[in-house]
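Every heavy atom of this structure was used, including side-chain atoms; hydrogens, water molecules and symmetry mates were not.
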Amino acid sequence: MNPLVSIHDKVFGLVETAGTWLLPLLARFTFAAVLLIYYWNSGLTKLGDGILGLFSPSIGAYSQIFPKQLEAVGYDVSQLGLYHWAVVMAGTYAEFILPPLIVIGLFTRLAALGMIGFVVVQSLTDVYGHGATDLATLGAWFDNQSGSVIMDQRLFWVFTLGILVIRGAGALSVDALLRNRAQSTAMA
C-alpha cells in the first residue's frame, strides 16, 4: 500500500505544482473564451452615436440598467438625473476596461473583484429590474437543472473570477512581469 500512496503523492504533487501557474491561466482563458466578447458587445449596446457616444449613453443603456425608472419617466432619458448617468457610464466603462485587464493579467485581482461586483449587480438588475423570476431563467441551486442563466451560469462566472481574486493572474501575466521587474529593481 505504501508504494501506491507514494506514487499517488508524487504524481499529484506535480499536478499541484503545475496548478499554481496553470489554474490562474486557465481561469483567464475561460473568462476570455466565454465572457470577453459578451461584455464587449454589451458595452457597445450602451454607447450613444458618434464619438460623443462615449459620454452620452444610448437609451438602451438606461433600459438595461434602469428599466423601471426609465419606464416611469415615459422613456424620456432627460428626466433621469446625474446619478443615473454616472451609474450607466460606470457600468459601460467597466464592460470595456475590466475584461481586457483580466485577459492580459493586469491588476487582475482588482479587476476580477470588480467583475464579481458587476455580475452581482447585473443579476440583481435582471431579477428586480427586468422581472426575470421564472424558474427557467432564474433557476435554483441543488436542483436537477443546470442551465439557468442567473443562478447556475453566473455562479460559474463568479467561481472563475473568484479563482483570480484568490490566486491572482499567475506566472504568465502582466502582473507577474511587473512583479518580477520590481523585484529585480529592488535587488539591484
Side-chain angles (χ1 to χ4, degrees), residues 19-48 54 57-72 80 83-170 172-175:
T20 301
W21 64 269
L22 188 59
L23 189 60
L25 180 64
L26 290 175
R28 288 181 22 239
F29 174 80
T30 300
F31 179 86
V34 175
L35 295 173
L36 178 66
I37 303 303
Y38 169 83
Y39 279 113
W40 184 266
N41 286 337
S42 178
L44 288 174
T45 68
K46 293 176 178 72
L47 296 177
L54 293 170
S58 69
I59 191 169
Y62 289 97
S63 67
Q64 288 177 46
I65 297 173
F66 293 110
K68 290 184 178 182
Q69 292 88 339
L70 187 61
E71 183 180 8
L80 296 175
Y83 166 77
H84 295 94
W85 175 85
V87 169
V88 166
M89 293 312 303
T92 301
Y93 294 150
E95 287 183 302
F96 286 117
I97 295 169
L98 297 178
L101 289 176
I102 290 169
V103 172
I104 66 171
L106 178 61
F107 309 123
T108 309
R109 285 186 163 110
L110 290 174
L113 192 59
M115 283 305 303
I116 289 171
F118 193 96
V119 170
V120 169
V121 170
Q122 175 186 7
S123 300
L124 292 171
T125 300
D126 286 343
V127 172
Y128 295 107
H130 296 287
T133 57
D134 63 288
L135 286 181
T137 303
L138 180 61
W141 294 332
F142 309 106
D143 61 3
N144 65 343
Q145 304 297 315
S146 63
S148 75
V149 174
I150 297 175
M151 296 291 286
D152 294 333
Q153 286 182 14
R154 294 188 186 162
L155 177 61
F156 279 107
W157 297 2
V158 169
F159 176 76
T160 300
L161 292 164
I163 290 170
L164 296 172
V165 170
I166 294 165
R167 300 294 298 265
L172 300 174
S173 67
V174 176
D175 286 343

Query raised in the report: Is a side-chain donor or acceptor of R28 paired with a backbone partner of A169 at a separation under 3.5 angstrom?
Result: yes

Requested in this report: Check whether any side-chain heavy atom of W85 sits under 4.5 Å from a side-chain heavy atom of L80, and report yes or no.
Outcome: no

Requested in this report: Find the distance between CZ (F118) and OG (S123) and round it off to the nearest 0.5 Å.
Outcome: 10.0 Å

**Report entry** Distance, nearest 0.5 Å, that separates CD1 of I163 from CG of L23
**Finding:** 4.5 Å

Query - Minimum heavy-atom distance A140-D152, with the two atoms named - result: O-OD1, 3.8 Å

Report task. Return yes if some donor-acceptor pair links the side-chain N/O of T160 with the main-chain N/O of T30 below 3.5 Å, else return no. Result -> no

Requested in this report: Specify whether Y39 and W157 have parallel, tilted or perpendicular ring planes, treating 30° as the upper limit for parallel and 60° as the lower limit for perpendicular.
Outcome: perpendicular

Query raised in the report: Can you check side-chain contact (heavy atoms from CB on, under 4.5 Å) on L44 and N41, steps first, answer last?
Result: CA-CA 5 Å; L44 288 174; N41 286 337; 4.0 Å; yes

Query raised in the report: Is there a donor-acceptor pair under 3.5 Å between the side chain of D126 and the backbone N or O of A132?
Result: no

Requested in this report: Rounded to the nearest 0.5 Å, what's the gap from CZ on F29 to CD1 on I102? Could you check?
Outcome: 15.0 Å

Query - Over all atoms of both residues, closest heavy-atom pair of V165 and A112 - result: CG2-CB, 3.7 Å

Query raised in the report: Can you tell me if R167 uses its side chain to pair, donor with acceptor, with the backbone of P24 under 3.5 Å?
Result: no

Query raised in the report: Taking D175 for the side chain and T108 for the main chain, is one N or O donor matched with an acceptor at less than 3.5 Å?
Result: yes

Requested in this report: Kindly compute the distance separating CG (L54) from OG1 (T92), expressed to the nearest 0.5 Å.
Outcome: 10.0 Å

Query - Stepwise side-chain contact (heavy atoms from CB on, under 4.5 Å) check, L155 with I150 - result: CA-CA 8 Å; L155 177 61; I150 297 175; over 6 Å; no

Query - Donor-acceptor pair, side chain of W40 and main chain of F96, under 3.5 angstrom - result: no

Query raised in the report: Mind checking whether L70 and I59 have side chains closer than 4.5 Å, heavy atoms only?
Result: yes

Query raised in the report: If you measure from CG on L98 to CG on L36, what distance do you get to the nearest 0.5 Å?
Result: 11.5 Å

Query raised in the report: Got more than 12 heavy atoms from elsewhere within 6.0 Å of CZ, F107?
Result: no

**Report entry** From CA spacing to verdict: side-chain contact (heavy atoms from CB on, under 4.5 Å), H84, Y62
**Finding:** CA-CA 8 Å; H84 295 94; Y62 289 97; 4.1 Å; yes

**Report entry** Between Q153 and S148: side-chain donor-acceptor atoms closer than 3.5 Å
**Finding:** no

Query raised in the report: Taking atom CD of Q64 and atom OG of S42, what is their separation to the nearest 0.5 Å?
Result: 5.0 Å

Requested in this report: Decide side-chain contact (heavy atoms from CB on, under 4.5 Å) for R154 and V149; before the verdict, give the C-alpha distance in whole Å, the side-chain angles of both, and the deciding distance to 0.1 Å.
Outcome: CA-CA 7 Å; R154 294 188 186 162; V149 174; 4.0 Å; yes

Requested in this report: Inspect the surroundings of OH in Y128 and state if more than 12 heavy atoms from other residues, nucleotides or ligands are less than 6.0 Å away.
Outcome: no

Query raised in the report: Which pair of heavy atoms, one from I166 and one from R109, lies closest together, and at what distance?
Result: O-NH2, 3.0 Å

Query raised in the report: Taking T137 for the side chain and D134 for the main chain, is one N or O donor matched with an acceptor at less than 3.5 Å?
Result: no

Report summary line: Taking every heavy atom of G60 against every heavy atom of S63, the minimum-distance pair comes out as O-OG, 2.9 Å

Query raised in the report: Can you find a heavy atom in the side chain of V158 that is under 4.5 Å from one in the side chain of M115?
Result: no

Query raised in the report: Is a donor on one side and an acceptor on the other found under 3.5 Å between the side chain of K68 and the backbone of H130?
Result: no

